[in-house]
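Accompanying notes for the structure given below.
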Amino acid sequence: MRLTLLSLLLFTGIVLHAQENKTIDHIGWKGNTVQLHTIGNGHQSCTFVMNEDSVKAFFHDGKPAPAELFTVPRVLNEAFLGGFIQKDSIVLFMNNGKRPGIHTWKYNLAVKSITENVVPFEIKENKILHRLSSENHFFYFTANNKAKELVIYKFNDEKNYELLHYPLVEKTWDRLLKQKGSAFSKPEVDIEKTDMEGECSVEAAQCANKIYVRSDTLYLLMNHKPAVTEVLTIDLNNNSEQTRFITHNSNRIISLPGTVFNSFLSKDRLYYAAASDTGVFVQVSDFYSGMALKEYFAAKEDEISFKNSPIVQEKGAFANNRELDKTKQLLRKMMNSSLVITATQGMDNKLSTVLVGSYKPVSNNPGLGVFIPLGGSGPFLYSYLYVPVGGFARNNGMKTANFKMQVDMQTGEQVPGEIPPSQISKFHRTVKTSLNSTEFIIMLTMIKGKEILLW
């Protein structure tokens, strides 16, 4: 009943914001699960829609309607890894199911031909942290604990890859480690990746070490000292690295013992937040120069004048939320858990929605995707759509309290008014259910001209 209600509420929100340019493609698949994955290079994008045995590719290059390029078979248990759009080709990487190697597909846009390859590939000594896609490459982001280095397997095309090693000084390496599991286990490298489009999950954003992909450059941001964001820049083209520090200087900066803090990168703006039992501080800076653009502060007895939403306490996807009246209530929850800050670029490329709050997990659900029920009960098939996007995904037992503010992306100035709906609420789906099958009518929605999303 709760899942049905959630679906109804999501669909209602979608209908209210159905003014975007859309195109409808009738797929008519039968099955229990549909997945969506999108890659892009800034001016082109390709969305892969997957069911149990097939992968369909939709391409968009700025024209009103995306074009369906190809459909290829999907190996049993084969998972999506990543891909890129390079020159006149689209390259898709799959994990080849339970068989060895990586399964790749390359589609040539000019001659409309597709080729298939299985690349011998195996990682033994290094721990896989993430699989990432940039504008021109796909790569495995791994760590070697013994050598204290980050190791990247960079694919330059559908067949060939090179190995890049980035040794770290001991102090930096130690800051990446976190005790996981039992107290007797060895600390492991703890780095979360952020979504390039859409909202970053709160589970990823609360981490002190976050990796960002910008074209062929990686930025590893680390927050382990109050008022400081350490930035490790990895240039994949020149195979070089450098470290710099962004200092969040301010007369109101919170740097007392016990302070909680974190930062988040969105486009070329760095958003930093800190809190102690005296107040909450937010700063917007230029990421490349480190110059502070705008600062906000609210003492524990003050109302947060720069928020565009009430302070909301949430206890899970289906638990009742409640508003918090006092700033000190939010501060207390931040101090007793972790501070999280995220920033999401608006649809107009002018405004950014910044979320500041607390985060306390109480379950192990990673929240990397959302299963939404599509079919009814009784004799009808019960089908699901799996949306592997970020979103502010919340575990059922997770506790969070947060507020949102809307700022101008260029100046960092707060912009009063109601915050527009996020990208996740703009997905759309239409479903036809019959006695023996579920037909999906997939509506692809253009987001910012760069990404095609599906509901």
- Item | Donor-acceptor pair between H43 and D61 side chains, under 3.5 angstrom | no
- Message: Show, in sequence, the C-alpha distance, side-chain angles and deciding distance for S358 and T400, and conclude whether the side-chain hydrogen bond (donor to acceptor under 3.5 Å, both in side chains) test is met.
- Response: CA-CA 5 Å; S358 64; T400 177; 4.6 Å; no
- Task: For the pair Q329 (side chain) and D325 (backbone), establish whether a donor and an acceptor sit closer than 3.5 Å, ignoring hydrogens and angles.
- Result: yes
- Item | Pairwise distance NZ(K154) to NE2(H137) - rounded to 0.5 angstrom | 4.5 Å
- Should V282 and V356 count as side-chain neighbours, where that means a heavy-atom distance under 4.5 Å? yes
- Query: Mind checking whether Q345 and S352 have side chains closer than 4.5 Å, heavy atoms only?
  - Reply: no
- Message: Between the side chains of E68 and K56, is the shortest nitrogen-to-carboxylate-oxygen separation below 4.0 Å, so that they form an ion pair?
- Response: yes
- Message: Could you tell me if K300 and T327 have a donor-acceptor pair between their side chains, going purely by distance under 3.5 Å?
- Response: no
- Note on the structure: Nearest heavy-atom contact between A79 and N95 is N-OD1, 2.7 Å
- Is a side-chain donor-acceptor pair under 3.5 Å present for E162 with N156? yes
- Query: Measuring from R131:CZ to T142:OG1, what's the distance to the nearest 0.5 Å?
  - Reply: 11.0 Å
- Query: How about H103 and N117: do any of their side-chain heavy atoms sit closer than 4.5 Å?
  - Reply: no
- Task: Please examine the side chains of F281 and Y272, heavy atoms only from C-beta on, and report whether any two atoms are closer than 4.5 Å.
- Result: yes
- F155 side chain near F121 side chain, heavy-atom distance below 4.5 Å: yes
- Message: With a 4.0 Å cut-off on N to O distance, would you call K350 and D408 a salt bridge?
- Response: no
- Of the non-hydrogen atoms in I85 and N136, which two are nearest, and what is the gap between them? O-OD1, 4.5 Å
- Item | Side-chain donor or acceptor of S309 paired with backbone N/O of K404 under 3.5 Å | yes
- Message: Quick one, V231 and T229 - any side-chain contact, counting heavy atoms below 4.5 Å?
- Response: yes
- Message: Less than 3.5 Å apart, any donor N or O on the side chain of T38 or S45 sitting next to an acceptor on the other?
- Response: no
- Message: Would you say the ring centers of Y219 and F287 fall short of 6.0 Å from each other?
- Response: yes
- side-chain hydrogen bond (donor to acceptor under 3.5 Å, both in side chains) between T217 and S215: does it pass, once the steps are laid out? CA-CA 6 Å; T217 302; S215 186; over 6 Å; no
- What closest approach, in Å, do K360 and S337 show between heavy atoms, and which atom pair accounts for it? CB-CB, 3.8 Å
- How far apart are the C-alpha atoms of E295 and S250, what are their side-chain angles, what is the distance that settles it, and do they pass the side-chain hydrogen bond (donor to acceptor under 3.5 Å, both in side chains) test? CA-CA 8 Å; E295 298 171 353; S250 171; 2.9 Å; yes
- Message: Nearest 0.5 angstrom please: M405 CE to S305 OG, how far?
- Response: 9.0 Å
- Task: Rounded to the nearest 0.5 Å, what's the gap from CD1 on I341 to CG on N402? Could you check?
- Result: 11.5 Å
- Is there a donor-acceptor pair closer than 3.5 Å between any side-chain N or O of N308 and the backbone N or O of E418? no
- Task: Check whether any side-chain heavy atom of F48 lies under 4.5 Å from a side-chain heavy atom of W105, and answer yes or no.
- Result: no
- Task: Taking atom CD of E303 as the centre, report whether more than 12 heavy atoms of other residues, nucleotides or ligands fall under 6.0 Å from it.
- Result: no
- Non-hydrogen atoms of V213 and S134 that approach each other most closely: CG1-CB, 3.6 Å
- Query: Have N209 and K178 got a donor and an acceptor in their side chains that come within less than 3.5 Å?
  - Reply: no
- Task: Could you go through the side-chain hydrogen bond (donor to acceptor under 3.5 Å, both in side chains) check for K210 and N262 one step at a time?
- Result: CA-CA 10 Å; K210 292 182 282 291; N262 214 327; 2.8 Å; yes
- Message: I'd like to check Y107 versus V91 (side-chain heavy atoms, cut-off strictly below 4.5 Å). Are they in contact?
- Response: no
- Query: Does D302 reach the main-chain N or O of A298 with its side chain, forming a donor-acceptor pair under 3.5 Å?
  - Reply: no
- Item | Under 3.5 Å side-chain donor-acceptor pair for Y140 and N126 | no
- Considering the options L129, L218, L150, which one meets the side chain to side chain contact (heavy atoms under 4.5 Å, CB included) requirement together with I211? L218
- CE of M334 to OH of Y359: how many Å apart, nearest 0.5 Å? 15.0 Å
- Task: Return the minimal non-hydrogen interatomic distance between I114 and F70, and the atom names on each side.
- Result: CD1-CD1, 3.7 Å
- Sidechain-backbone polar pair: S276 side chain, T278 backbone, donor-acceptor under 3.5 Å: yes
- Which atom pair, heavy atoms only, marks the closest approach of K333 to A401? CD-CB, 3.7 Å
- Would you give the length of the straight line joining atom CZ of R175 to atom CD of E230, rounded to the nearest 0.5 angstrom? 4.0 Å
